Number of protein chains: 2
Amino acid sequence: MAVLEHKQLWETVADQLREEILDGRLAAGTRLVETELAARYGVSRGPVRDALSELSRVGLTVDLPRRGTFVSSLTEHDLEEVYVIRRAIEEAAVRLAIERAGDDEIGALFAALQAVEAAYAGDDLAVAWEADMEFHRACSRLSGNRRLMELFDLLASQTVLLMRTSLQSHASLAWTPPVEVHRRIAEAIAARSVEGAVEAVGAHYQYTQDRLAATEAAASPAPGD
Amino acid sequence: MAVLEHKQLWETVADQLREEILDGRLAAGTRLVETELAARYGVSRGPVRDALSELSRVGLTVDLPRRGTFVSSLTEHDLEEVYVIRRAIEEAAVRLAIERAGDDEIGALFAALQAVEAAYAGDDLAVAWEADMEFHRACSRLSGNRRLMELFDLLASQTVLLMRTSLQSHASLAWTPPVEVHRRIAEAIAARSVEGAVEAVGAHYQYTQDRLAATEAAASPAPGD
DNA sequence: GCGAGGTTAACTGTTGACAATCAGCAGTGT
DNA sequence: ACACTGCTGATTGTCAACAGTTAACCTCGC
């Protein structure tokens with residue numbers, strides 16, 4: 001059982017803020033004033049500063065020295081940057097997974113896969129994306145590389161932020177749920193096929209990127225409303 | 001011309017500490033006490049905490065909550081983790097470089113390459129590694145992906161730390177300077193050969209990893225002195 | 001002599017106050 | 001009317017002090 005460890009104040013504050021940002025309650029571009037937050041959460045400015053620093057580290061906020069910190073407003077260009085890196089490290093992750101993960105660990109991956117398929121069958125996109133992320137997180141976990149996992153989490157949080165905001169701006173993106181691409185990844189890993197797995201990851205990102213580019217393109221010529 | 005911007009105190013402190021850590025003046029495992037550092041640098045504990053937080057972010061120190069922060073003592077296993085990620089993102093970097101970098105930018109890469117070759121011809125390994133890093137930094141810069149560059153810098157600092165400490169423990173690693181592997185990378189990019197460049201990067205990391213594994217193996221059976 | 005429990009010193013987490021800086025606005029001159 | 005200068009309120013960067021926790025030491029009982 002996990003040793004109960006005192007959460008530091010800034011962690012609680014960071015958790016709260018992260019949730020509000022990803023929920024969309026704190027819109028992109030919103031200025032986060034330290035004294036306000038301190039008052040709201042009933043702590044002093046110190047822990048708030050630490051929390052904001054953490055959020056900036058993972059890319060959910062940006063910190064302009066002596067001017068304040070603001071909720072990140074990520075663009076299509078940012079998404080492109082994130083996806084290039086995610087693809088690179090996830091290909092590396094599946095390579096490692098195949099050579100070192102046990103069958104039991106791979107079983108966990110399939111559990112995550114089923115959750116994804118179930119979630120996309122439902123109608124709550126936010127939930128589906130959460131499951132989607134969890135699948136990829138499981139992939140990176142199979143690598144056994146802690147730095148890789150932490151890096152993926154960092155990039156994942158930015159991805160989620162961008163998804164949520166794009167969900168808000170143009171409410172429905174017409175698409176076929178990306179379940180097939182995920183299944184291909186899991187099965188290639190289970191089959192211990194390095195080539196197949198790397199290609200499957202590539203296909204996944206190609207698919208996702210194309211899809212997002214299409215929705216962006218469909219939305220951006222008509223930015224009104 | 002660059003707008004002159006006030007460096008914050010914690011940046012100065014972080015710079016100083018980073019230098020001392022990489023110089024080896026602060027050995028791995030050393031405890032960094034906030035009050036001591038505050039007194040030494042003539043600032044309060046606030047900026048010192050921020051500086052330590054930054055160093056932990058890039059992996060030069062580790063932060064144990066309520067116990068203090070210590071200079072990282074990186075192991076062979078850490079190196080393995082770092083190199084897996086570096087290889088993955090550097091392969092992605094050269095792919096991007098080939099498709100978007102102009103000939104002038106690639107010229108800068110060759111300038112860095114010449115610096116590497118000159119440095120390895122000299123006898124100061126620390127200087128040579130610095131040039132080596134700068135070459136890879138130039139590579140990542142060619143990608144035009146800011147996140148990728150920052151990520152590389154983060155991993156680079158850990159690499160340098162490990163190199164320096166390994167230099168201290170077993171003073172000389174017998175090797176042939178890795179100039180050829182770097183040249184292959186630069187030339188493949190200049191020739192706009194994606195396949196060649198990716199393979200060259202792979203060869204570089206294979207070479208470096210083998211070399212380090214060999215020196216570690218040679219040192220670890222006889223850990224005394 | 002050796003281990004368990006209590007005690008103390010040192011250090012980190014947190015707080016509230018002070019000083020420096022920035023963005024916006026009014027006022028002035030052209 | 002417009003641009004520029006000097007204020008003003010708000011906000012961040014920094015500081016010094018308090019409180020809680022950790023780790024080491026020291027004593028006591030076996």
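First the proteins, then the strands, lettered A, B, ... as listed; each starts at 1. Keep in mind the model is a prediction, meaning the values are calculated, not measured. Keep in mind that the numbers below use all heavy atoms, side chains included, and drop hydrogens, waters and symmetry copies.
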Exercise. Let me know which of A:Asp63, A:Thr61, A:Thr69 forms a side-chain hydrogen bond (donor to acceptor under 3.5 Å, both in side chains) with A:Ser56.
Key: A:Thr61

Quiz prompt | Side chain of B:Arg49 (C-beta onward), nearest among C:dT21, C:dG13, D:dT11 | solution = C:dG13

Quiz item: Quick one: B:Lys7 NZ to D:dT14 P, roughly how many Å, whole number?
Solution: 13 Å

Self-check item: From C:dT21, D:dC15, C:dT12, nucleotide with atom closest to B:Pro47 side chain
Solution: D:dC15

Practice problem: Rounded off to whole Å, could you give me the CZ-to-P distance for the A:Phe70 and D:dT12 pair? | Solution: 9 Å

Exercise. Starting at atom CG of A:Asp50, determine the distance to atom P of C:dT12, rounded to an integer number of angstrom.
Key: 14 Å

Exercise. Give one of base, sugar-phosphate or nothing for B:Leu32, where a contact means two heavy atoms less than 4.0 Å apart.
Key: sugar-phosphate

Quiz item: Between A:Glu36 (CD) and D:dT11 (P), how many Å, whole number?
Solution: 7 Å

Quiz item: Touch check for B:Gly46, heavy atoms < 4.0 angstrom, all strands: base, sugar-phosphate only, or nothing?
Solution: nothing

Quiz item: Short question: side chain of B:Ser140, backbone of B:Met149 - any donor-acceptor pair under 3.5 Å?
Solution: no

Quiz item: If you look at every strand shown and take non-hydrogen atoms under 4.0 Å, does A:Leu52 touch a base, only sugar-phosphate, or nothing?
Solution: nothing

Quiz item: Within the structure, does a side-chain N or O atom of A:Arg45 lie under 4.0 Å from either OP1 or OP2 of D:dT12?
Solution: no

Practice problem: Could you please name the option among C:dA23, D:dG13, C:dG16 that lies closest to any side-chain atom of A:Ser44? | Solution: C:dG16

Quiz item: Where the side chain of A:Leu9 is concerned, which of C:dT21, C:dT14, D:dT14 is the nearest nucleotide?
Solution: C:dT14

Self-check item: Any B:Gln158 side-chain heavy atom under 4.5 Å of B:Val58 side chain
Solution: no

Exercise. Please state how far atom CG in B:Leu64 lies from atom C1' in C:dC11, giving the value in whole angstrom units.
Key: 13 Å

Quiz item: Can we say A:Glu34 and A:Arg49 salt-bridge, meaning some charged N sits less than 4.0 Å from an Asp/Glu carboxylate O?
Solution: yes

Quiz prompt | Proximity to the side chain of B:Glu34 - top-ranked nucleotide from C:dG13, C:dG16, C:dC22 | solution = C:dG13

Self-check item: Interatomic distance, B:Asp15 atom CG to B:Trp10 atom CH2 [nearest 0.5 angstrom]
Solution: 8.5 Å

Exercise. Using only side-chain N and O atoms of B:Arg66, determine if any of them is under 4.0 Å from OP1 or OP2 of C:dC11.
Key: no

Self-check item: Atom-pair distance (CG on A:Leu37; C1' on C:dT15), nearest Å
Solution: 17 Å

Exercise. Using heavy atoms to find the nearest nucleotide of DNA chain D for B:Gly42 and B:Arg31 separately, return the residue whose nucleotide is more 5′.
Key: B:Gly42

Exercise. Determine: side-chain N/O of B:Arg67 to OP1/OP2 of C:dT12, distance under 4.0 Å, yes or no.
Key: no

Self-check item: Interatomic distance where CD belongs to B:Gln8 and C1' belongs to C:dA19 [whole Å]
Solution: 14 Å

